[in-house]
**Q** 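Once you've had a glance at the structure underneath, I'll fire off some questions.
Heavy-atom basis, side chains included; hydrogens, waters and symmetry copies ignored.
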Protein chains: 4
Amino acid sequence: MSRQADKRTAILRATLKLIAEHGFHGAPTSMIAERAGVGVGTIYRYFRDKEELIHTLYEELEARHRAFVMQGYEENGPIRDRFYHLCRNIYRYLLANPLEFRFLEQYFDSPYGVAKMRQKLESAGEPFHALLKEGKQQGIVKDLPTLLLFGLIFGPMINVIKDHDSGLLPLNDVLVDQVIRATWDAIQR
Amino acid sequence: MSRQADKRTAILRATLKLIAEHGFHGAPTSMIAERAGVGVGTIYRYFRDKEELIHTLYEELEARHRAFVMQGYEENGPIRDRFYHLCRNIYRYLLANPLEFRFLEQYFDSPYGVAKMRQKLESAGEPFHALLKEGKQQGIVKDLPTLLLFGLIFGPMINVIKDHDSGLLPLNDVLVDQVIRATWDAIQR
Amino acid sequence: MSRQADKRTAILRATLKLIAEHGFHGAPTSMIAERAGVGVGTIYRYFRDKEELIHTLYEELEARHRAFVMQGYEENGPIRDRFYHLCRNIYRYLLANPLEFRFLEQYFDSPYGVAKMRQKLESAGEPFHALLKEGKQQGIVKDLPTLLLFGLIFGPMINVIKDHDSGLLPLNDVLVDQVIRATWDAIQR
Amino acid sequence: MSRQADKRTAILRATLKLIAEHGFHGAPTSMIAERAGVGVGTIYRYFRDKEELIHTLYEELEARHRAFVMQGYEENGPIRDRFYHLCRNIYRYLLANPLEFRFLEQYFDSPYGVAKMRQKLESAGEPFHALLKEGKQQGIVKDLPTLLLFGLIFGPMINVIKDHDSGLLPLNDVLVDQVIRATWDAIQR
DNA sequence: AATGAATGAGCTTTCATTCAT
DNA sequence: CATGAATGAAAGCTCATTCAT
C-alpha cells in the first residue's frame, strides 16, 4: 500500500474514532489531523471538505459491513434461515465493531445521512429487500409495507446494541438469538 | 397570559422548531431570539444558559406527552389492553406533533439526554415498566430483560414514525394498529 | 432620614462593598441593585449612570475620610507634630475601613480616578500641601517638589496597608509609628 | 527572525501598548489583533487564552527588566552602593519604558498579578531581599519587617514614576538620585 | 505532495441602560 | 417615584478552510 493510501486510511480511521467517541462536535479537523499523524492541510488533499470526508467514511464502512454480512449467504435458502443469517451477522458485526456502530448511529441521525439511509434501504441490492418481498409473497411474512418491516427489524437492533455498548444490557449469543426470534415473531404472519 | 409568559413560550417554541428542523447546530441563540421575536439577552432572563433552555424544553414536552398518553389508562386492566392503549396514544401523540418527535429524537441522541432517557425508562413511574413486569410474571410476555423488551417496542416506533414524518411511509390508524400488533407479537410469549 | 436617602445610601453602600470585594468587574449594576434591595432602574434615578455613581461614592468617602483625618488638627502646631497627626489618622482610618481602602485603591488605579487624585493632591485645601510648603521654608523638610514628597509619604502608606489587609504584614500601633517615623526620615532634611 | 516570531511579538507588543494605554478593559482580543495586524484567531495559536497571553507578556517583561537591573551588580559590595545601584537601574529602566511600567502597575493591581508579586518579592533570587537582610544584620538598615521596607522603597518609586509619566513631575538624574537618597534615609538606621 | 500558520465568521454569554407599567 | 423585563453591543473563543512554503 502506498504512502498515500496510508495517509488516507489514517485520516479515515481517526475520523471514525473521534466521531464515534465524541460526536461530530468532538471531531474538529485539527484533531483528526493530529490523531492521523498528518497535517491539517493534508485532509483537504484527499477530501474536498469535511462533509465529503464523512460521507466517504460512511461508504467505506458500509461496504465492509455488507461484505461481512453477506458471507455465506444463501440467496435461495429458506426465508427463515436467510433472515436469521442476515440478522446474526449484523448483530455480530456491530457488536464486534462498536466504534462503527456509534459512527453509523450519529451519521444516520444527522442531516448528513438521512438521505443515504433511505437510498440504502430501498436499493434492490439490499438483501433484506428481496427476502421480505419473497416472504410476503409466500405468505410467511406479514403483508406490511417493506419500510415498516424494516422498522420492526432494525429498530430493536439499534436500541439493543446501543444499550449493550453503554453497558446497560450486556448481550451474549443466547440473548441475541432471542431478540432475533422476537423480531421474527414480529414480522411473521 | 402575561407578556412575560409570552416571551418565555415564544423562546421555547422557537427552540423546538429550530432544533427539530435543523438540529442543535442549526439553532444558535441568535436565531432562536430572532424567531422568537425577542432580543438575544432575553433568552438569558428566562434560562440560565442554552443547556438549561434545552432541558427545560424537554421537561415541558415530556410532561405534555405523558399527560396525553396516560389519558384514560386503566392501571388494572388486562395486560394486552393496557399495552395497546399506551402504544396507540404514543403513536397518536407523536404523529400529531412531528416537531416534538424530531426534537425528542435529537435530544435523546445527544449528550444532553442520554442520562434522562435511562432515568425515564427505569423510573417506577414509567407505565410500561410495571406493565412488562406483570406480563412476564403472568407468563404472557417473553421472559427477557426489560430493556430488551423496551427495544422491541420503542425501536420500531421510532423508525416507523421517522419514516412517516419524512413522507416515505404515510401512516394511518390501520397501519399503526398493525405495527402495534406486530410489536405485541414480538414481546408476547 | 427619608426613604429616598435610604435608597441612595443603600446603593452607595452596596457599590462600595462589591467593588472593594470583587473589583469593578464584580460589581454589575444588577448585583448592586440586588444587594441594595432596590430595583435596577432605581440606581438610575439617583445617578445618571454607573460612572457618576462611582464618582459620587468616591466623593462621599473622601469627605468622610478627610473629616476624620482633620479631627483635632492644629493648623499652627509644629511641623513634625502635624505630620504625625495627619499620618496617624490616615493610617488609623484606612486600617479601620479596609473596604474603603480597597475601593480607593481601585478607584485611583482606574481611568476613573487618576484625574481626581491629582486634583486632590494639588488642592490648596489638602493639609499636607501647606505642611510641606512650610516645612520646606523652615528648612525642616527636604527641598524637593511637593509631588515627590507626596510620593515619599503616600507610597509607603498604600503598600503597607495593602500588605496588612492581605494578611501578609499585620500592623499594630508600634509598627505604624515606625513607618511614620521612617517616612519622616525620608522627607526630613 | 521568522514570520512566526514576528506575529507572536506583534501580538505581545500590541497587548502591552493597549493595556498600558487603556487598561485591561481597553484591550479586547479583537483590538489586540487589529493593532498587531493579525486575525483574532492567530492570538490563540500562540497563547491558550487571553490570560496566558497576559502572563506571558508579564514574564517576558520581567525577565528583560531584571536583566537590565542586574547589569554590573556587585553582590558583595557595600550595602549602600548596592542599594543605589539597584534603585538607579530600576528607575532608569522604568522611566525609559513607560509602557512597561504602566502595564506592570496594572498587572500587579489585578487579580492576575497579586500572587506573582508576593512570590517575586519573597523569592530568594530577589536581590533586595538579601540586601535588606544583610543591612539589618549589620545594623545599617532599620530592624523592620522586610515587607515594610519594601513598601518604603517601592511605594515612593511607583508614585514618583507615575507622576513623571503623567507629566506632572518631570524627573531627571538629579531628582532621581534625591528620591533614592530620601528612600535610603527612610530605611537607614 | 504535504504542511500548518493564518484567518474571520460565528458561537455563547454578560451587562449598562431604557422605558412601559 | 420605583420597578425589572427587555435589549443588543461587545466580549472571549473555536474551527473549517486556504495558501505560501
Side-chain angles (χ1 to χ4, degrees), chain A residues 2-4 7-8 24-34 37-53, chain B residues 2-8 11 24-34 36-53, chain C residues 2-4 7 11 24-34 37-53, chain D residues 2-8 11 24-34 36-53:
Chain A
S2 68
R3 293 281 329 272
Q4 271 196 49
K7 303 227 178 204
R8 215 189 90 106
F24 286 108
H25 261 120
T29 49
S30 59
M31 210 179 282
I32 291 172
E34 196 187 20
V38 303
V40 234
T42 306
I43 293 172
Y44 291 82
R45 297 208 63 77
Y46 293 100
F47 308 96
R48 188 160 18 84
D49 53 19
K50 204 184 177 186
E51 203 166 313
E52 200 197 76
L53 162 61
Chain B
S2 67
R3 296 273 335 267
Q4 274 194 51
D6 280 357
K7 303 237 174 201
R8 211 189 95 105
I11 291 164
F24 286 108
H25 261 121
T29 48
S30 59
M31 209 178 283
I32 291 172
E34 198 185 18
V38 302
V40 233
T42 305
I43 292 171
Y44 292 84
R45 289 204 61 71
Y46 293 99
F47 309 95
R48 189 158 19 83
D49 52 20
K50 205 185 176 185
E51 202 165 312
E52 202 196 75
L53 163 61
Chain C
S2 69
R3 296 279 330 271
Q4 271 197 46
K7 302 228 178 203
I11 291 165
F24 287 107
H25 261 120
T29 48
S30 59
M31 209 178 282
I32 291 172
E34 196 187 20
V38 302
V40 235
T42 306
I43 292 171
Y44 290 83
R45 298 207 62 76
Y46 292 100
F47 308 95
R48 188 161 17 88
D49 53 19
K50 204 186 179 186
E51 202 165 315
E52 201 196 74
L53 162 60
Chain D
S2 68
R3 296 276 334 269
Q4 275 196 46
D6 280 356
K7 303 238 176 202
R8 210 189 96 106
I11 291 165
F24 286 107
H25 262 120
T29 48
S30 60
M31 208 178 284
I32 291 172
E34 198 185 17
V38 302
V40 233
T42 305
I43 292 171
Y44 293 85
R45 289 205 60 70
Y46 293 100
F47 308 96
R48 187 158 19 85
D49 52 20
K50 205 187 177 187
E51 202 166 311
E52 201 196 75
L53 162 60

**Q** Given atom CZ of B/Arg48 and atom C1' of E/dT13, what is their separation to the nearest angstrom?
**A** 13 Å
**Q** Without decimals, in angstroms, what is the distance between C/Ile32 CD1 and E/dT14 P?
**A** 17 Å
**Q** Side chains of B/Thr29 and B/Leu53: closer than 4.5 Å at any heavy-atom pair?
**A** no
**Q** Kindly say if D/Tyr44 contacts the phosphate of E/dA6, meaning a side-chain N or O under 4.0 Å from OP1 or OP2.
**A** no
**Q** Could you give the NE2-to-C1' distance, from C/His25 to E/dC15, as a whole number of Å?
**A** 11 Å
**Q** Which atom pair, heavy atoms only, marks the closest approach of C/Val40 to C/Ser30?
**A** CG1-CA, 3.8 Å
**Q** Output the rounded distance in Å from OH (D/Tyr46) to P (E/dA5).
**A** 7 Å
**Q** Which one is paired to E/dT17, where only Watson-Crick or G-U wobble pairs with both distances under 3.5 angstrom count?
**A** F/dA6
**Q** Starting from P on E/dC15, measure out to CD1 on C/Ile43 and report it in whole angstrom.
**A** 13 Å
**Q** Would you say the side chain of D/Arg8 lies within less than 4.5 Å of the side chain of D/Arg45, judging by non-hydrogen atoms?
**A** no
**Q** Looking only at side-chain atoms of B/Val40, point me to the closest of F/dA11, E/dA5, F/dA9.
**A** F/dA9
**Q** If you only use heavy atoms from C-beta on, which nucleotide in F/dC13, F/dT3, E/dC11 is closest to the side chain of B/Pro28?
**A** E/dC11
**Q** Under 4.0 Å from OP1 or OP2 of F/dT7: is there any side-chain N or O of B/Thr42 that close?
**A** yes
**Q** Of all the nucleotides listed (F/dA16, E/dA16, F/dT7), which has the minimum atom distance to the side chain of A/Lys50?
**A** F/dA16
**Q** Let me know the distance between CZ of D/Phe24 and P of F/dA11, rounded to the nearest Å.
**A** 16 Å
**Q** Using whole Å, what does the distance between atom C1' of nucleotide E/dT7 and atom CD of D/Glu34 come to?
**A** 15 Å
**Q** Using purine N1 to pyrimidine N3 plus N6-O4 or O6-N4 for Watson-Crick, or N1-O2 and O6-N3 for G-U wobble, both under 3.5 Å, which nucleotide pairs with E/dA1?
**A** none
**Q** Can you find a side chain N or O atom of B/Lys7 that sits less than 4.0 Å from OP1 or OP2 on F/dT7?
**A** yes
**Q** Does A/Thr29 put a side-chain nitrogen or oxygen below 4.0 Å from OP1 or OP2 of F/dA16?
**A** yes
**Q** Whole Å only: how far is the CZ atom of B/Arg45 from the P atom of F/dG4?
**A** 10 Å
**Q** Any side-chain heavy atom of C/Asp49 within less than 4.5 Å of one from C/Glu52?
**A** yes
